[in-house]
Amino acid sequence: MRTRVTDMLGIEFPIFAFSHCRDVVAAVSRAGGMGVLGALYFTPEELEVELAWIDEHAGGRPYGVDVVMPASYEGAGLDVDSPEELVARLQGMIPEGHRRFVDDLLAAHGVAELPDSEAGAGKVLLGWTDATARPQVEVALRHPIALLANALGPPPADVVEAAHARGVRVAALASTPRHAVKQVEVGVDIVVAQGTEAGGHTGDISTMVLIPQVVDAVDVPVLAAGGIGNGRQMAAGMALGAEGVWTGSVWLAVEEADTPEPARRRILAATSRDTVRSRSWTGKPARLLRNEWTEAWEAGDSPGTLPMPLQFMLVSDALRRIGRSDAAELATFPAGQIIGAMNQVRSAKEVVFTMVEEYIEAVERLGRLSGD
């Protein structure tokens, strides 16, 4: 299976696996695909540890890192000297009414407060801004990564240049053809055309419609993304002009994943209609598992969500409190519509090999239909 992407990155299968779990990343790379570690939740020091572990466990196979450097966010124009000052300034922009809404919602579900020693000690900003994502990029480029991906819009031109200077290819996710063109203009090597079926941040155009539009709009390799988790979907994406697939949610339930067991059970039991695009996580539309948390933010008494990164800063402690409680009805997380087809736990290697086998079967079936 050879495409421009496999030749560019030295991988056997053009199957990209986005995951926040280092074990999944290493396992997929060892299986011949490319694992891509989501750096968002890690401090620079934590990311250093994660990447050092992958270096030792990926078997010398290529892997990538995904960061979030949004083109626009609240506070982008603030004149600050440090990420700490940025956090303090942004905290002051969160209305008290929104804080009361979150507290009342948790109280209604019996969610306990955090201990005083832990309140406000969480990662309230993460890598949602240029200032906080750049340290993650610097750590990533000190390791032998093959790919640096940006999950929200075109990465800054100087970041692309820094990656290229180290022989690292750059990818970026696009939800419209216009976004894809902007990414190529800053030097991106691979465009990930992600349809609305995807988990996490996503647009509102379906994968089947989006892929050929992006393929026609740019002259670099395109990866199909959005609700993809099996070989038949991979064959469909390639038929539409893509040169590989970018997958995410399908790895939440594999053996290697660090997904908490209650969440894993919910994923395996969910249907494709159990997800919803919501701003209640970060302030930008993201597909999440639907529950009472997402519904509360859509209710008539909701104050409405805040723009990125204020929304996550508002709810970060709440999410930690929910995670420690028995209020499963409030526990939400990014998940794509492919979860409706996920009903068993398999190893990451088995998922990769099954996807390849299904792809081959689909291509051969199409060959028979055309008389080849």
Side-chain angles (χ1 to χ4, degrees), residues 15-21 24 28 33 36 38 151 173 175 192-211 223-240 242 244-281 285-295 297-298 328-359 361-362 365:
I15 298 172
F16 294 72
F18 169 84
S19 176
H20 292 290
C21 177
V24 173
V28 172
V36 182
L173 277 67
S175 58
V192 181
Q194 180 173 273
T196 191
E197 299 93 328
H201 295 111
T202 183
D204 54 11
I205 302 175
S206 71
T207 302
M208 182 68 73
V209 173
L210 180 64
I211 295 170
L223 302 180
I228 294 176
N230 63 55
R232 286 176 293 173
Q233 293 171 311
M234 180 178 179
M238 305 285 263
L240 293 171
V245 292
W246 179 278
T247 59
S249 298
V250 70
W251 309 104
L252 291 172
V254 297
E255 293 174 356
E256 294 88 345
D258 56 2
T259 305
E261 193 55 36
R264 192 194 303 266
R265 289 196 297 268
R266 292 178 62 200
I267 290 168
L268 296 177
T271 71
S272 295
R273 298 184 66 184
D274 292 327
T275 69
V276 62
R277 285 177 77 234
S278 171
R279 295 179 182 268
S280 63
W281 180 44
R287 187 169 295 282
L288 311 173
L289 195 62
R290 184 198 304 272
N291 67 357
E292 294 188 32
W293 171 271
T294 59
E295 292 177 356
W297 285 97
E298 297 297 327
E329 70 277 9
L330 290 180
T332 189
F333 45 83
Q337 291 183 332
I338 189 62
I339 65 173
M342 295 162 53
N343 51 26
Q344 60 179 317
V345 178
R346 298 180 292 168
S347 70
K349 179 179 180 180
E350 182 180 355
V351 172
V352 171
F353 286 2
T354 299
M355 191 176 295
V356 172
E357 291 169 358
E358 291 172 344
Y359 168 85
E361 290 172 0
R365 183 174 65 84

field: Polar side chain donor-acceptor pair, Thr259 to Arg264, under 3.5 angstrom
entry: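 No, because no side-chain N or O of Thr259 sits under 3.5 Å from a partner of the opposite role on Arg264.
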
- request: For Ile15 and Val351, run side chain to side chain contact (heavy atoms under 4.5 Å, CB included): C-alpha distance rounded to whole Å, both residues' side-chain angles, the deciding distance at 0.1 Å, then the answer.
  value: CA-CA 10 Å; Ile15 298 172; Val351 172; over 6 Å; no

Kindly give the heavy-atom pair with the smallest separation between [X] and [Y], and that separation in Å.
| X | Y | result |
| --- | --- | --- |
| Pro285 | Arg279 | CD-NH1, 3.5 Å |
| Ile267 | Ala253 | CG2-CB, 4.5 Å |
| Asp274 | Thr271 | OD2-N, 2.8 Å |
| Trp281 | Pro334 | CH2-CG, 3.5 Å |
| Ser280 | Leu288 | OG-CD1, 3.8 Å |
| Arg287 | Ala198 | CB-O, 3.0 Å |

Gap between atom [atom2] of [Y] and atom [atom1] of [X] - 0.5 Å precision:
| X | Y | atom1 | atom2 | answer |
| --- | --- | --- | --- | --- |
| Arg346 | Trp251 | CZ | CH2 | 8.5 Å |
| His20 | Phe333 | NE2 | CZ | 12.5 Å |
| Met238 | Leu223 | CE | CG | 9.5 Å |
| Glu295 | Glu292 | CD | CD | 6.5 Å |
| Leu268 | Leu252 | CG | CG | 10.0 Å |
| Ser278 | Leu289 | OG | CG | 11.5 Å |

Side chain [X], main chain [Y], donor-acceptor under 3.5 Å:
| X | Y | answer |
| --- | --- | --- |
| Arg277 | Gly203 | yes |
| Glu358 | Met355 | no |
| Thr294 | Arg290 | no |
| Gln194 | His201 | yes |

field: Beyond-backbone contact of Glu329 with Asn291, side-chain heavy atoms, under 4.5 angstrom
entry: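 No, their side chains stay 4.5 Å or more apart.
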
query: What residues form a salt bridge (Lys or Arg N to Asp or Glu O under 4.0 Å) with Arg232, not counting sequence neighbours?
result: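 Salt bridge (Lys or Arg N to Asp or Glu O under 4.0 Å) check on Arg232 returns nothing, list empty.
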
message: Applying side chain to side chain contact (heavy atoms under 4.5 Å, CB included) to Trp246 and Leu173, what does each step give before you reach the verdict?
response: CA-CA 10 Å; Trp246 179 278; Leu173 277 67; 4.2 Å; yes

From CA spacing to verdict: side chain to side chain contact (heavy atoms under 4.5 Å, CB included), Ile338, Thr247: CA-CA 10 Å; Ile338 189 62; Thr247 59; over 6 Å; no

task: Sort out for me which residue in Thr202, Thr275, Thr207 forms a side-chain hydrogen bond (donor to acceptor under 3.5 Å, both in side chains) with Glu197.
output: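 Among Thr202, Thr275, Thr207, the one meeting side-chain hydrogen bond (donor to acceptor under 3.5 Å, both in side chains) with Glu197 is Thr207.
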
